[in-house]
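As structure tokens, the structure follows; a few thoughts come after it.
Counting starts at 1 for both ligands and their atoms, in listed order. The basis for the numbers below is simple: all heavy atoms, side chains too, and nothing from hydrogens, waters or symmetry mates. Please read all numbers here as calculations on a predicted model, not as lab measurements. Each residue takes its place number in the sequence, starting with 1.
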Amino acid sequence: MINEKRQWQLLEKIGFSRVGGSKEEKKAALILKETIEKTNNEALIEEFEVDWQKIKAASLKTAKREYQVTAYYQCENTDEEGLTAPFYYFSTDSAVGIKKCEGKIVLINGYLRMKTYEKLLEGKAVGFITFSGELKDAKEDTDLESRELRSPQREKGNLPGVHMTVHDAMELVLENPQEVTLNVQQDTFKINSQNVVAQIKGENNNEIVVFTAHYDSVQFSSGVYDNGAGSVILMELYHYFLANKPKRTIRFVWCGSEERGLLGSIHHVKNNKDLIENIILNINVDVAGPVLGSDVAVVTGPESLVHYIDYLAKEKGFEIKVKQDIYSSDNMPFAYKGIPTVSFARFGGSGQAYIHDRYDQLFFMDSKNLKRTAEFVRIFAERMINSYVFPVPREMPENMVEKVTEYLNDKMTEE
Ligand SMILES: [Zn+2]
């Protein structure tokens, strides 16, 4: 069964910020590796290259003042004296907004999605500004994080960009300066991030079930909820199946750099091509453990699996909502390869749990809720792994193929 105390202790142990590619991420990987090695099994560190940078300058000035900003990682450098251009608040990517972008440094609302980025390139903006945080929080309680211009975005066109707090964004719009001067200087290079991989051999090697959970987090976030929780659930499942030999082979992949665009799971799928046809199911866990929250299972696969989990929950008296959809996590690259996947999570609602900031901490979580989710995943997984005939057809319904392809389009390109 799930060892509640051991699970929680491991969560405490890896509860520090673990940005994909950082020394801290590597440290967490080694903790997971050592935990496996203590059971006299092998753990593989599967390395892959990720972008990294050294920021030398980042500033945003108007005639009146200077705003506090961070440089967009990997974005284009400006000239050393900076880029001066008219300012425009690109509040929505409408036709009017796009037309007004030309030659300007544009502020966009919140997160820089691919679609918005394409629009500002289309409109011929020359630089961009994004922001994060919440106005209800004091500015001093708002961490100014660093954002990354991801490679699929850079491939469309690389512009210089900076990030600021929501408080400053509001001030900037109120100031509405004629011109702003943007300065970004950075050196870019590659470093390694890594997955941690362990395997438990079953009697049947031709059918493999893969568990995934990302163990990286973002800047300023201890990432215990997102996704230390899934990582330690995986470790408990590992202990369980080590003690209870499975019929089918099980592979555990603790994925690195998920928060940077599923880089670890994409690498694993691309780097283990020979395994792909033998993988019959991927079970992913991403976020769990909040006291106030609700469990969900998202099936990216056949409808029959939705019913299977739903019936099982009814049999066991476990409250969970099961649906067929895509889920933005490490199961997606497997689904892209036509492998049925299910992603388990226990979500805290708004104001009950926090991700991607300094409040992702243990205070809203407890070991019992973490165990409950883990236990249900274990029961489900055991039935799958030990079934006489594997009950899930290896098929991806048309509606899911469409959604997965659209979601991963820019991420899985080079084959
Ligand atoms: Zn996550």
Side-chain angles (χ1 to χ4, degrees), residues 7 10-11 14-22 24-25 28-29 31-32 50 111 113 132 143 145-148 150 193-196 210-237 252-269 282-290 293-300 323 325-336 341-350 352-362 364-365 369-370 373-374 377 404 407-408 411:
Q7 182 169 253
L10 182 60
L11 184 59
I14 60 169
F16 49 85
S17 176
R18 317 173 291 276
V19 174
S22 68
E24 294 76 18
E25 191 202 38
I31 292 171
L32 296 171
V50 294
Y111 192 76
R113 298 192 182 284
S132 61
D143 294 312
E145 72 219 56
S146 300
R147 291 269 167 98
E148 176 180 11
R150 294 179 177 179
S193 174
Q194 60 284 308
N195 299 324
V196 182
V210 177
F211 286 99
T212 49
H214 76 85
Y215 71 94
D216 66 313
S217 76
V218 301
Q219 206 183 4
F220 304 118
S221 167
S222 80
V224 281
Y225 170 48
D226 182 12
N227 184 34
S231 301
V232 300
I233 287 177
L234 242 63
M235 191 60 83
E236 275 310 309
L237 296 171
F252 296 85
V253 188
W254 287 268
C255 300
S257 296
E258 187 265 0
E259 302 286 8
R260 297 186 57 189
L262 315 181
L263 302 181
S265 48
I266 289 174
H267 176 81
H268 190 76
V269 164
N282 166 228
I283 302 171
N284 182 63
V285 189
D286 195 353
V287 306
S294 54
D295 281 83
V296 294
V298 182
V299 172
T300 312
K323 60 174 182 179
D325 205 347
I326 60 167
Y327 188 77
S328 182
S329 187
D330 291 311
N331 53 316
M332 296 313 286
F334 291 89
Y336 187 85
T341 79
V342 50
S343 204
F344 289 93
R346 180 176 171 82
F347 285 126
S350 151
Q352 301 163 199
Y354 304 91
I355 60 163
H356 297 176
D357 61 25
R358 64 164 85 172
Y359 302 108
D360 181 338
Q361 296 282 352
L362 293 171
F364 59 80
M365 300 166 67
N369 279 291
L370 191 61
T373 299
V377 178
V404 172
Y407 175 84
L408 276 181
K411 291 179 177 140

(request) Restricting to N/O/S, name the atom of D286 that gets closest to the Zn ion (ligand 1). (result) OD1

(request) Only one of V253, D330, L262 passes side chain to side chain contact (heavy atoms under 4.5 Å, CB included) with H268; say which it is. (result)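 For H268, the side chain to side chain contact (heavy atoms under 4.5 Å, CB included) check succeeds only for V253.
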
(request) State whether D226 contributes an N/O/S atom found under 2.8 Å from the Zn ion (ligand 1). (result)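 Checking the Zn ion (ligand 1) against D226, an N, O or S atom does fall under 2.8 Å.
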
(request) State whether E258 contributes an N/O/S atom found under 2.8 Å from the Zn ion (ligand 1). (result)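 For E258, the answer is no, given that no N, O or S atom comes within less than 2.8 Å of the Zn ion (ligand 1).
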
(message) Do N369 and R346 make a side-chain contact, defined as non-hydrogen atoms from C-beta onward lying under 4.5 Å apart?
(response)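 Side chain of N369 against side chain of R346, heavy atoms only: contact under 4.5 Å found.
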
(message) One pair to check against side-chain contact (heavy atoms from CB on, under 4.5 Å): M332 and S265. What are the steps and the verdict?
(response) CA-CA 8 Å; M332 296 313 286; S265 48; over 6 Å; no

(request) Flag the pair R18 and D216 as a salt bridge only when some basic side-chain nitrogen lies within less than 4.0 angstrom of an acidic carboxylate oxygen. (result)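 Here R18 does not pair with D216 in a salt bridge, since their nearest N and O are not under 4.0 Å apart.
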
